[in-house]
Amino acid sequence: MPVTLSMTTRAPITPLSPAQHRVAQLLVEGLSPQQIATRNALAIETIRQYVRDIRRCLHLPPRCKPHVLVHFVLAAEQVTPPATEQSAPVLTEKQGLLLRAVAEHSAPRDVALAAKIAPADLRTALYELLDTTGAEAVTQLVVLAHAWGLLGANSAGTVESGAVR
């Protein structure tokens, strides 16, 4: 049954092809398109096309950030998050709001607005969230949050996404 994510359209997502699924899985694992191309002996442009196709399947805008793409791939249950032995941290309400905002928005201004913090404070708040979770980067933060059950299919379908901005 298709999953519907709240974006600019309410169209159901298109399930990923096996090749798109493999690329999405490697993005979730933290590989860059260049690393995926090298690992699979494919041209970088081929991988970029797969990423564009994945965005289209999920009705994401062409320029959304990789961590937003990863969030919606995981939220749509097109890829399973990797298991982690790291236990979920206890987040404050503000940190939880920032986590959701980072996962769903590409533009820093939109992240700050959704997280209800001043744009000037975003970088500091994000570094604190990364430190609290033990994540090294935003994409890893999103993946860990899915593995911990802090982000998921049910919550993604109820929030208007700023990924379109």
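Interatomic distance, OG1 of Thr124 versus CD1 of Ile117, reported as 9.0 Å (0.5 Å rounding). From Leu31, atom CG reaches atom CD1 of Ile36 across 5.5 Å, with rounding to the nearest 0.5 Å. Taking NE2 of His67 as the reference point, atom CZ of Phe72 lies at 10.5 Å (rounded to 0.5 Å). A distance of 10.0 Å separates OG in Ser32 from CD1 in Ile47, rounded to the nearest 0.5 Å. For the atom pair NE2 (His146) and CD (Glu77), the distance works out to 10.0 Å, reported to the nearest 0.5 Å. Annotation: the span from Gln25 atom CD to Leu74 atom CG amounts to 8.0 Å, rounded to 0.5 Å.
Each of Val90, Thr133, Thr132 was checked for a side-chain contact (heavy atoms from CB on, under 4.5 Å) with Gln95, and the lone residue meeting it is Thr132. Checked against Leu69 for a side-chain contact (heavy atoms from CB on, under 4.5 Å), the options Val51, Thr139, Val142 give a single hit: Val51.
Across every non-hydrogen atom of Ala101 and Ala114, the tightest pair is CB-CB, 3.7 Å. Nearest heavy atom pair, residue Ser87 against residue Trp148, reads C-NE1, 3.6 Å. For the pair Val79 and Ala24, the tightest heavy-atom approach, listed with the atom from each and the gap, is CG2-CB, 3.7 Å. Closest non-hydrogen pair, Gly96 versus Leu91, comes out as N-CB, 4.2 Å. Contact record, Ser106 with Cys64: OG-CA, 3.2 Å, taken as the closest heavy-atom pair. Smallest separation of non-hydrogen atoms from Gln20 and Cys57: OE1-SG, 3.7 Å.
With contacts defined as side-chain heavy-atom distances shorter than 4.5 Å, the pair Leu26/Asn40 qualifies. When side chains are defined from C-beta on, Ile54 does not count as touching Leu60, because their heavy atoms never get closer than 4.5 Å. Looking only at side-chain heavy atoms (C-beta outward), Ile13 and Gln78 come within less than 4.5 Å of each other. Using a 4.5 Å heavy-atom threshold, the side chains of Gln86 and Leu144 count as touching. Between Val143 and Pro82, the closest side-chain pair of non-hydrogen atoms falls below 4.5 Å. The shortest distance between side-chain heavy atoms of Lys94 and Lys116 does not fall below 4.5 Å. Residues Glu104 and Val68 fail the side-chain proximity criterion, which asks for heavy atoms closer than 4.5 Å.
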Using the rule given for side-chain hydrogen bond (donor to acceptor under 3.5 Å, both in side chains), can you reason through Arg52 versus Gln49, listing the C-alpha separation, both sets of side-chain angles and the distance that settles it, and then say yes or no? CA-CA 5 Å; Arg52 284 190 294 271; Gln49 183 60 51; 2.8 Å; yes

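Atom CD of Glu45 is surrounded by more than 12 heavy atoms from other residues, nucleotides or ligands within 6.0 Å. Summarising the local packing, CZ of Arg39 is surrounded by 12 or fewer heavy atoms from other residues, nucleotides or ligands at distances under 6.0 Å.
Tracing side-chain contacts under 4.5 Å through hydrophobic residues (I, L, V, M, F, W, Y), one never reaches Val102 starting from Leu113; they form parts of separate clusters. Placement of Leu151 and Leu97 in two distinct hydrophobic clusters is found when ILVMFWY residues are connected by side-chain heavy-atom separations under 4.5 Å, directly or transitively.
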